[in-house]
Amino acid sequence: MALSCSRLANNLSLIRLWRVRSNHISNGLYSPCVCHQSRCYSSSEVRRGLGRYVTSRLQWASSKYEDFLKRRFPRFYLLYHTFVEGFKLLFRDAKDVTRIKGKMSSDGVKFQDLPYREMEKLRQFRKDMLKGVPLVLISIPPFANYLVFFLMYFFPRQVLIPHFWTPRQQVEFRQLYHSLRARQHRPVLRGLQHASGQMKDSQMRTRLHNLCSQVQNGAKPNVSEILAVRSLFTGTPLGMSKLSVEQMRNLSPLLFLTPRLPGFLIGRRLSRHALELLQLDRALGKLGPHQLSESEVRQACYLRGLNSDRLAVNQCREWLDQWLRVSSSLKDSDVSLLLHCLVFLSANYPNGIRYS
């Protein structure tokens, strides 16, 4: 009996101690904070502090690694630096595109109603992704970035998007692509001369023949001479839906599109890109070309067929003004003329075909 009373007393004392401890915890004596020198740190603050510390150490290690590569392997360092910076630019562009598409979805904004810079961002990002997705997929597995470095070093133009080109490569590859594009100037003009034989209006046929002869002789036609033949590019045989397959194949490389597709696919792609270019021109007209930076002006001219790296920026602005004077007078049904302006307005500028 005495033993049972003793056990009961011990149990009661333990219950009292547990209740006292529970009350202390609930009153804040043991709150989920780390207290030190009268300051309380929550667990979330500790995690953030730990995250900042880890980030700073990683940045320090990355900086040391880059310094090592720069000293010992300068050529590899250039590739590594280009790779890292390229991914930063790519992720930034992806973030911008996500924001733009979110605005289009929530506000019901169509592509043709976007501001010029947002429209150009979407167009360029879509083009880059078609070429860049395979590279991103290759770089996902562990240590696969070394394969990416290999591709960057030996096949930069074929497999990489401009985000991963060095500044020197960007200029070099633009020159190469433009030279390939300029080879199409002569076939396009020959196609126009061949099509002029099917025209019944002798006056319009003569105007088109004179326009082609001007370009072939090294002259630069003015806006009025180009717009004088606009009606020929809305119906047979030069309207967008009436162009011959051969002429569409000649025009495709001017917009960096492959001509190695069935005729009906070439026509759809060419028509879609031509209409997109016209919509870009309209958005640029609203913004005003004088609002563009030097790099934006050069990029706008390059897209429209001009070798802008060989010209001063004021020459690029003058040429872009001339292009917009033509495109501002065109309707959606006139996009065939806009495509041929890639030859009419740019063929006799630096690195184009000289017909003298």
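The model shown is predicted, which means the values in this text are computed figures rather than measured ones. Position 1 is the first residue of the sequence; numbering continues from there.
Distance check, rounded to the nearest 0.5 Å: NE2 of H273 to CG of L339 gives 11.0 Å. The distance from atom CD of Q175 to atom CG of L180, rounded to the nearest 0.5 Å, is 11.5 Å. Considering CG of L303 and CZ of R298, their distance stands at 15.5 Å, rounded to 0.5 Å. The structure places NZ of K88 at 11.0 Å from CZ of R92, a figure rounded to the nearest 0.5 Å. The CD atom of Q184 sits 9.0 Å away from the OG atom of S252 when rounded to the nearest 0.5 Å. Between atom CZ of residue R230 and atom CG of residue D334 there is a gap of 6.0 Å, rounded to the nearest 0.5 Å.
L176 and V171 fall into different hydrophobic clusters, where Ile, Leu, Val, Met, Phe, Trp and Tyr residues are linked whenever their side-chain heavy atoms come under 4.5 Å apart, directly or through other members. The same ILVMFWY cluster, assembled from side-chain heavy atoms under 4.5 Å apart, contains both W165 and V84. L306 and V313 fall into different hydrophobic clusters, where Ile, Leu, Val, Met, Phe, Trp and Tyr are joined by side-chain heavy atoms under 4.5 Å apart, directly or via other members. Under a hydrophobic-cluster definition in which Ile, Leu, Val, Met, Phe, Trp and Tyr are linked whenever side-chain heavy atoms come within less than 4.5 Å, directly or via other members, L130 and I161 are assigned to different clusters. The hydrophobic cluster containing F256 also contains L277, counting ILVMFWY residues as joined when their side-chain heavy atoms lie under 4.5 angstrom apart, directly or transitively.
Around the NZ atom of K103, the shell of radius 6.0 Å holds more than 12 heavy atoms that belong to other residues, nucleotides or ligands. Heavy atoms from other residues, nucleotides or ligands lying under 6.0 Å from NZ of K242 number 12 at most. Applying the 6.0 Å contact sphere to CZ of R268 captures no more than 12 heavy atoms from other residues, nucleotides or ligands. Other residues, nucleotides and ligands contribute at most 12 non-hydrogen atoms within 6.0 Å of the CD atom of E246.
No salt bridge links R207 with E225; every basic N to acidic carboxylate O contact stays at or beyond 4.0 Å. Between R317 and E294 there is no salt bridge, since no side-chain nitrogen of the basic residue lies less than 4.0 Å from a carboxylate oxygen of the acidic one. Between R117 and E296 there is a salt bridge, since at least one side-chain N of the basic residue sits less than 4.0 Å from a carboxylate O of the acidic one. Under 4.0 Å is where a charged nitrogen must lie from a carboxylate oxygen, and between D113 and R282 no such pair does. Using a cutoff of 4.0 Å between basic side-chain nitrogens and carboxylate oxygens, E276 and R272 are not scored as salt-bridged.
Of the options L275, V326, L330, a side chain to side chain contact (heavy atoms under 4.5 Å, CB included) to L338 is made by L330 and by none of the others.
Contact between L287 and Q291 at its shortest, heavy atoms only, is O-CG, 3.3 Å. Across all non-hydrogen atoms, the minimal contact from P237 to A195 is CG-O, 3.6 Å. Closest non-hydrogen pair, P259 versus I266, comes out as O-CD1, 3.1 Å. Closest of all the heavy-atom pairs between G263 and M248 is O-CE, 3.9 Å. L320 and A300 get closest at one heavy-atom pair: CD2-CB, 4.2 Å. Of all heavy-atom pairs between C316 and V297, the closest is CB-CG1, 3.7 Å.
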Practice item. Applying side chain to side chain contact (heavy atoms under 4.5 Å, CB included), run through L261 and T258 and close with a yes or a no. Key: CA-CA 7 Å; L261 290 174; T258 177; 4.0 Å; yes
**Study point:** Test log, rule side chain to side chain contact (heavy atoms under 4.5 Å, CB included), inputs V215 and H185
**Key:** CA-CA 10 Å; V215 178; H185 292 170; over 6 Å; no
Practice item. Please assess W319 against S346 for the test side chain to side chain contact (heavy atoms under 4.5 Å, CB included), listing each intermediate value before the final yes or no. Key: CA-CA 9 Å; W319 185 91; S346 62; 4.1 Å; yes
Exercise for review: Take M240 and L270 through the side chain to side chain contact (heavy atoms under 4.5 Å, CB included) test and state the conclusion after the steps.
Suggested key: CA-CA 9 Å; M240 197 65 238; L270 199 59; 3.8 Å; yes
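A donor and an acceptor atom, one from each side chain of H163 and D93, are located under 3.5 Å apart. A donor and an acceptor atom, one from each side chain of Q124 and D128, are located under 3.5 Å apart. One side chain, H340 or Q247, offers a donor N or O that lies under 3.5 Å from an acceptor on the other.
For R181 and Y302, the positive end sits near the middle of the six-membered ring, less than 6.0 Å away and at most 45° from its axis. In this structure, R123 fails the cation-pi test against F111, since its NZ or CZ atom is not both closer than 6.0 Å to the six-membered ring centre and inside 45 degrees of the ring normal. Geometric assessment of K286 against the ring of Y116 yields a negative cation-pi assignment under the 6.0 Å and 45° thresholds.
Two rings, from F87 and F83, have their centers less than 6.0 Å apart.
No side-chain heavy atom of R304 sits less than 4.5 Å from a side-chain heavy atom of L345. When side chains are defined from C-beta on, L324 counts as touching P289, because their heavy atoms get closer than 4.5 Å. For the pair E120/Q299, a side-chain contact is recorded, criterion being any heavy-atom separation below 4.5 Å from C-beta on. Two residues are said to be in side-chain contact when any heavy atoms from C-beta on lie closer than 4.5 Å; D281 and W323 meet this criterion.
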